[in-house]
Protein chains: 2
Amino acid sequence: MLDAGLHLLADQNLASLGVREVTREAGLSPAAFYRHFPDLAALGVALVEESLASLHVMIRSVLAEAGGAEELIDRAVDVIEQHVREHRPHVRFLSRERHGGVRQVREAIDAELGRFAAEVGAALALQPVSRGWSEQDLRMLAELYVDHMVSTASAFLEAQEAEPDREERIAATARLQLRLISLGRRHWQGS
Amino acid sequence: MLDAGLHLLADQNLASLGVREVTREAGLSPAAFYRHFPDLAALGVALVEESLASLHVMIRSVLAEAGGAEELIDRAVDVIEQHVREHRPHVRFLSRERHGGVRQVREAIDAELGRFAAEVGAALALQPVSRGWSEQDLRMLAELYVDHMVSTASAFLEAQEAEPDREERIAATARLQLRLISLGRRHWQGS
DNA sequence: AAGTTCGGCAAACGACTGTTTACTGAATGG
DNA sequence: CCATTCAGTAAACAGTCGTTTGCCGAACTT
């Protein structure tokens, strides 16, 4: 059922999805839906959890890397690109419903992204570059990184469905932007 | 009719909007819709144009400002916050349909955001800080600014519908992030 | 072996949907 | 002053929708 919904949401919106549509795609009867979910919103929330599990893995994989700033940036962008390629339906779902019409789903996604930002912030605090940074500054930097990751993932998403030519340009731009942010980090003097 | 649609889209999705729904809200008969639009997608595109007109004014108002980096940042964040406050329905529509389920609308929004980035890039090229910057670097910076503006606007959007307490925290975070980017700019040595 | 939960079905309910058709009054233009 | 466009209407079409109900077999528990 989750798979059927995810497949339908490839070129559709959660708010415009229908119970019958999902069950038809899943090869079940309409009544079967209510055995598993009370609402379509509930199915949406379940999809959020499913999608975020893989995202969590990805973020940890980026944070766990060690090495110079340059290699870390290259690795991060590569991981994002590969993740979008391998979990396109999930990523598209998150990107589409993050500001979508179903409040419950929106809030679930935002809460989890906030948790990601906290995790990133904790990891940043351990890096030597962050010596002397206030907690507020760390949090602001973490949010900047998460927002940038989301933007980059969305850009990859739309690029991979069109010409794969633009894919490398997006990666190059993302790397430059991360380099610029990293540069600002090194010269930061606190707020 | 446009106003009726925009009002409906406050807590709904363009893809889940109905012809009858719109005409009912507008106080017209269902058939009247087809006098003005062939599709609901067409109404969406019309709303994109309407929404982007005010955005254009806002961007120019930010770019036209002169002064030190600090004052410029403060002014930019204030303008964004005020713009979201005064055009909440339009901004919400753009934020929601930017990655929404209607291809035509998505592409219209992205094309226009690209034009905004070009405009910002041209303005950045005129600033003394950008001496020696390649065109690619300027473009990359412009896109970073536009993406940051979009993220900040979305954050304001959701904050203003909840506690207005978070509003000032978002503004503060956005200002810090812009300061960090500005710092990276000053120490950039080309790609 | 008996009972209970689980996941599934067909059928039915009224309500709502997009779109077309034929018709109407007002404004506009020559 | 007549013709034409414009912006609206009511009515009807065949579908689709969400949800509830009663029923059923299989699987698990005890």
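Throughout, protein chains are lettered first and strands after them, A, B, ... in sequence-line order, and every chain is numbered starting at 1.
Going from atom CD of A:E21 over to atom C1' of C:dT17 covers 14 Å, rounded to whole Å. Taking atom CG of B:L8 as the reference point, atom P of C:dT17 lies 11 Å away to the nearest angstrom. Spacing between atom CG of A:L17 and atom C1' of D:dT16 amounts to 14 Å, rounded to whole angstrom units. Atom P of nucleotide D:dT9 and atom OH of B:Y34 are separated by 14 Å, given to the nearest angstrom. Atom CD in B:Q12 sits roughly 10 Å away from atom P in C:dT17 (whole-Å rounding).
Among the heavy atoms of the strands, none lies under 4.0 Å from B:F33.
Minimum atom distance to the side chain of A:H36 is reached by C:dG7, of the listed D:dT9, C:dG7, D:dT20. For A:L40, taking side-chain heavy atoms from C-beta onward, the closest of the listed nucleotides D:dT9, D:dG18, D:dC17 is D:dG18. Here the nucleotide nearest the side chain of B:S29, chosen from D:dT9, C:dT19, C:dA10, is D:dT9. When distances are taken from the side chain of B:L28 to each of D:dT9, C:dA10, D:dG18, the shortest belongs to D:dT9.
Sequence order on DNA chain C of the closest nucleotides to A:A32 and A:R20 puts A:A32 first from the 5' end.
Not a single salt bridge (charged side-chain N to carboxylate O under 4.0 Å, His left out) links B:R20 to another residue, sequence neighbours left out.
Within the structure, every side-chain polar atom (N or O) of A:R24 is placed at least 4.0 Å from both OP1 and OP2 of D:dG18.
At most 12 non-hydrogen atoms from other residues, nucleotides or ligands lie less than 6.0 angstrom from CZ of B:R169.
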>> Apply side chain to side chain contact (heavy atoms under 4.5 Å, CB included) to residues B:H148 and A:S151 and explain how you reach the verdict.
In response: CA-CA 9 Å; B:H148 184 264; A:S151 292; over 6 Å; no

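Put simply, the residue from B:E70, B:E71, B:E168 that forms a salt bridge (Lys or Arg N to Asp or Glu O under 4.0 Å) with B:R175 is B:E168.
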